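Have a look at the structure below before the remarks.
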Number of protein chains: 2
Amino acid sequence: MAREMTTETSGAPRILDVAERLAQRRGFNGFSYADIASELGVTKASLHYHFASKADLGTALIARYATRFGEALDRADELEDERAKLAAYAELYAGVLRDDRMCLCGMLAAEYETLPEAMQGAVARFFEDNERWLERVLEAGREQGTLAFAGPARDAALLLISGLEGAMLVSRSLGDPSRFDAAARALLARFDPA
Amino acid sequence: MAREMTTETSGAPRILDVAERLAQRRGFNGFSYADIASELGVTKASLHYHFASKADLGTALIARYATRFGEALDRADELEDERAKLAAYAELYAGVLRDDRMCLCGMLAAEYETLPEAMQGAVARFFEDNERWLERVLEAGREQGTLAFAGPARDAALLLISGLEGAMLVSRSLGDPSRFDAAARALLARFDPA
DNA sequence: GTCTATAACGAGATAGAC
DNA sequence: GTCTATCTCGTTATAGAC
């Protein structure tokens, strides 16, 4: 007997949805099982059935986030030119910010020293994967003449990640998401060919 | 009778020293009065004498940090050309990172939604002050031809803050402070005149 | 798979002696 | 200004019934 199709997610995915939003808005140390439980109308104990420890929950959180992010990068890779891929990359960040969220791994990067080891490794891998993807796009764009920049593509890649993560971080405290867009535009403009 | 001169700080300043380092490494929600007390060899209760609530401690933390940062900007303002001022600005960040710390306000920006209101306002003001200082330097440099960039100086200023804060954030999780230097170099290079 | 109940601990904070 | 002692609350986590 096949399971009923419903429009609502349930169980673990639903827990991850709520935890993810809380983590992106308040940080991993800024929410508790009680917060998730009250929002879902269940008890804390039932959450522990799905994620025995908060470290397990956090690890699952990053894993899902990184997978989805990687899928978004795969979609961006289908675009024609490399400038469009960079724009799509920046738009990923913009979309997160529009939902009043910080990038999950950017948030966890701040809390890095307090995170369980498994989470630390996963956060670092997220940035390394992003860096590799950007490095490839940047190199291709420079060869094709659609992008222009000096120095190692790897450094330019980290500058892009840093600029976008930092712009999210700062524009959130300035209470003005449009400042992110201005900073992101200024950042991408510096890769335009003269 | 004048107070004895000693090489050791004591009382409130010393508490702030320890709390500041903890906040910059672990976040404001990542340390407790117990952490400070054990490091200073005093009790939690005596800390509450100096800072009745953690919000008071946090507010004092930002106030001192912003004052010192402002003084550093004043010193940078005495440099001759605007390119040197930008380099000095970036070096401020680099020095913090070398001590294994995140910028205090960058860290607090991540935790923004969980902070007491007074702290939120102070964090936003820190970034606004930085932005104003950079905007002035950038405008002057563009007029003098020592700096080159397109678009509003305000957007370029926020890009600089974002890039430096983001590079600190990310290079800390990558476990490689030299990645900050590479990103900062790439960032500043984009303001060099052709 | 979800519940009630509770354990075990750490957090911020206060009272009052010294 | 620092101490001991205590309070209250929130946190993660577990045991065991349903």
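Bear in mind the structure is a predicted one, so any value in this text is a computation, not a measurement. We use all heavy atoms of the structure for the numbers below, so side chains are in, but hydrogens, waters and symmetry mates are not. Labels below follow one simple rule: chain letters A, B, ... track the order of the sequence lines, proteins then strands, and each chain is numbered from 1.
The B:Tyr49 side chain lies nearest to D:dT2 when the options are D:dT2, C:dA13, C:dG1. Side-chain atoms of A:Ala34 lie closest to D:dT11 of the nucleotides D:dT11, C:dG1, D:dA13. Side-chain proximity of A:His50 to C:dC3, D:dT14, C:dG1: nearest is C:dG1.
Heavy-atom nearest nucleotides on DNA chain D were determined for A:Asp35 and for A:Ala45, and the one closer to the 5' end corresponds to A:Asp35. The residue among B:Ile15 and B:Lys44 whose nearest nucleotide of DNA chain D lies closer to the 5′ end is B:Ile15.
A:Thr67 contributes a side-chain N or O that, together with a main-chain N or O of A:Ala63, makes up a donor-acceptor pair within less than 3.5 Å. Panel note: side chain A:Ser173, backbone A:Leu169; a donor-acceptor pair is recorded below 3.5 Å. A:Gln120 contributes a side-chain N or O that, together with a main-chain N or O of A:Tyr112, makes up a donor-acceptor pair within less than 3.5 Å.
Taking atom CG on B:Leu40 and atom C1' on D:dG1, their separation rounds to 14 Å, with Å as the unit. With rounding to whole Å, A:Tyr33 atom OH is found 19 Å from C:dC9 atom P. Between the CG atom of B:Asp56 and the P atom of C:dG12 there is a distance of 13 Å, given to the nearest Å. For A:Lys54 and C:dG10, the NZ to C1' distance is 14 Å, given to the nearest whole Å. Computed from coordinates, the A:Asn29 CG to D:dG10 P distance equals 18 Å when rounded to whole Å. Between A:Arg26 atom CZ and D:dT11 atom C1' there is a gap of 14 Å when expressed in whole angstrom units. Atom-to-atom, CG of B:Leu47 to P of D:dC3 comes out at 9 Å; the value is rounded to the nearest Å. Following rounding to the nearest Å, A:His48 (NE2) and C:dA7 (C1') show an atom-to-atom distance of 12 Å.
The residue A:Ser32 sits close only to the backbone: its heavy atoms come under 4.0 Å of sugar-phosphate atoms, none of a base. If you check every strand for non-hydrogen atoms under 4.0 Å, B:Phe51 touches nothing.
When the side-chain nitrogen and oxygen atoms of A:Thr43 are compared with OP1 and OP2 of C:dC3, one or more of them lie within a distance under 4.0 Å. In terms of phosphate contacts, A:Ser46 brings no side-chain nitrogen or oxygen within less than 4.0 Å of OP1 or OP2 of C:dG1.
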- request: Go through the steps to decide whether A:Glu20 and A:Arg25 satisfy the test salt bridge (Lys or Arg N to Asp or Glu O under 4.0 Å), and finish with yes or no.
  value: CA-CA 9 Å; A:Glu20 184 180 64; A:Arg25 291 191 179 159; over 6 Å; no
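A side chain to side chain contact (heavy atoms under 4.5 Å, CB included) with A:Phe149 is found for exactly one of A:Leu160, A:Asp155, A:Leu138, namely A:Leu138.
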